[in-house]
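Worksheet: one structure, shown below.
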Amino acid sequence: MSLVKFDIKQLVRQNVLRLKPYSSARDEYVSDGSKMIFLDANENPYESGVNRYPDPQQRNLKAVLAAQKGVTTENILLGNGSDEVLDLLFRAFCEPKVDNIITLPPTYGMYKVLANMNNIDEREVLLTDSFQPDVIKILGSADSNTKFIFLCSPNNPTGNSFSEEDIIKILSGFNGLVVIDEAYIDFSTSKSWLKRIKEYPNLVVTQTLSKAYGLAGIRLGICYASEEVISILNTIKPPYNVNELTQQKALERVLNQDQVALEVSKILEERDKLAKVLSTIPFVKQVYESDANFILIKVDDANMRYKQLLERGIVVRNRSTQPLCENTLRFTVGTADENKRLIEVLKQL
Ligand SMILES: *Cc1c(COP(=O)(O)O)cnc(C)c1O
């Protein structure tokens, strides 16, 4: 249970609180295949599969997600990738030049980019040496203008999940929203936090179809939170932010959980194989434990190794400029053939 008083009306930007959402034609009536004649949205009436505007509330997709995740459709907001979902959070809650947010480097770069884009001060509290949140420093850095603390778990680029105990301390000790980015949750041995949005009114969980679900190209990000938070985001969301093709593809995929699970299990098997071999490569100094679909390693000279791999046709991510990540490379787990080739090349270097 929350120890501090949480008041959503205090948190949201005052101009957003006063907003009336734009009501689009498709908000009033959605085509359900019945014999209604739609002459309300100035669309071209000739059927192409996508001649009609998409459902602005993505009802079909949300209904399936809600049933699968054990929440209601009022707990879900969908966006054009997590990037849009996170940007909507900033625009709803963070007053430019006044408010601030806290991130925990080394972590996903988008939080900082979005803070800068929205003219919001970004406060950084480094993870500990074991890549866990430094709870005391985090809570000590928050003030009455701190709107979000971003927790990425499993964390990109380190690959580990954050301790449940630490996350509870942050949720309980902070008055603003705790945004847990679960882009890699489907690869993780830890449980998702989305089951606990009822317990913590300040908890926001974001997920995506870009990683385990294999749909990075369609751009579908998901936000799970209290009805209060979601209804605020709905007032500022562009009406047709998730296009028809994306809704169709996403629906098809979330209904095919067996295929997703099969691919995830293959990736995890490959990851563990890859981690073992990596630890035998002489210039690899450390292989960090991963709870995701990538592996971070420390090497002798990351810039040199990065270039050597590139020259042999393998593109990885050099994370050396990130704090605590000196001389590190991040490998996404590929197919069995791709990983085999990676290992061959690493052994030759
Ligand atoms: C890849 C990734 C995402 C995904 O973003 P989309 O915009 O949904 O593709 C989000 N958060 C983290 C930490 C990621 O690594």
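As the structure lists them, so they are numbered: ligands from 1, and atoms in each ligand from 1. Residue numbers count from 1 along this sequence.
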Taking atom 15 (O) of ligand 1 as the reference point, the nearest protein heavy atom with its distance:
Tyr184 OH, 2.7 Å

Among all protein heavy atoms, pick out the one at the shortest distance from atom 11 (N) of ligand 1; state its residue, atom name and that distance to 0.1 Å.
Asp181 OD2, 2.7 Å

Heavy-atom pairs closer than 4.0 Å: do any link ligand 1 to the side chain of Asn156, the backbone, both, or neither?
side chain

Just checking Glu43: does its CD atom have more than 12 heavy atoms from other residues, nucleotides or ligands closer to it than 6.0 angstrom?
yes

Non-neighbouring partners of Lys62 that pass side chain to side chain contact (heavy atoms under 4.5 Å, CB included), sequence neighbours left out
Gln57, Gln58, Thr73, Ile76, Leu78

Is the closest basic N to carboxylate O distance between Asp99 and Arg13 below 4.0 Å?
no

Enumerate the atoms of ligand 1 whose separation from the nearest heavy atom of Cys152 is less than 4.0 angstrom.
13 (C)

Interfacing atoms of ligand 1 (cut-off 4.0 Å, heavy-atom, Ser210):
6 (P), 8 (O), 9 (O)

With heavy atoms of Ala183 as the reference, note each atom of ligand 1 found under 4.0 Å away.
2 (C), 3 (C), 10 (C), 11 (N), 12 (C), 14 (C)

Distance, nearest 0.5 Å, that separates CG of Asp272 from CG of Leu274
9.5 Å

What atoms of ligand 1 come within less than 4.0 Å of a heavy atom belonging to Gly81?
7 (O), 8 (O)

Just checking, any donor-acceptor pair under 3.5 angstrom between side chains of Asn175 and Asn202?
no

Residue pairs fulfilling salt bridge (Lys or Arg N to Asp or Glu O under 4.0 Å) with at least one residue in residues 293-310, sequence neighbours excluded:
Asp300-Arg305

Run through Lys340, Gln348, Arg341 and flag the one making a side-chain hydrogen bond (donor to acceptor under 3.5 Å, both in side chains) with Glu344.
Arg341

Quick note on ligand 1: atoms under 4.0 Å from a heavy atom of Lys211 include exactly 1 (C), 2 (C), 3 (C), 4 (C), 14 (C), 15 (O)

Tell me yes or no: between the side chains of Ser231 and Asn234, is some donor less than 3.5 Å from an acceptor?
no

For ligand 1, which atoms sit closer than 4.0 Å to a heavy atom of Tyr108?
2 (C), 3 (C), 5 (O), 10 (C), 11 (N), 12 (C), 13 (C), 14 (C), 15 (O)

With respect to atom 6 (P) of ligand 1, which of Gln207, Arg219, Met110 exhibits the smallest heavy-atom separation?
Arg219

Tell me whether ligand 1 is touched by Ala216 - counting only heavy atoms on the residue side and a distance under 4.0 Å.
no

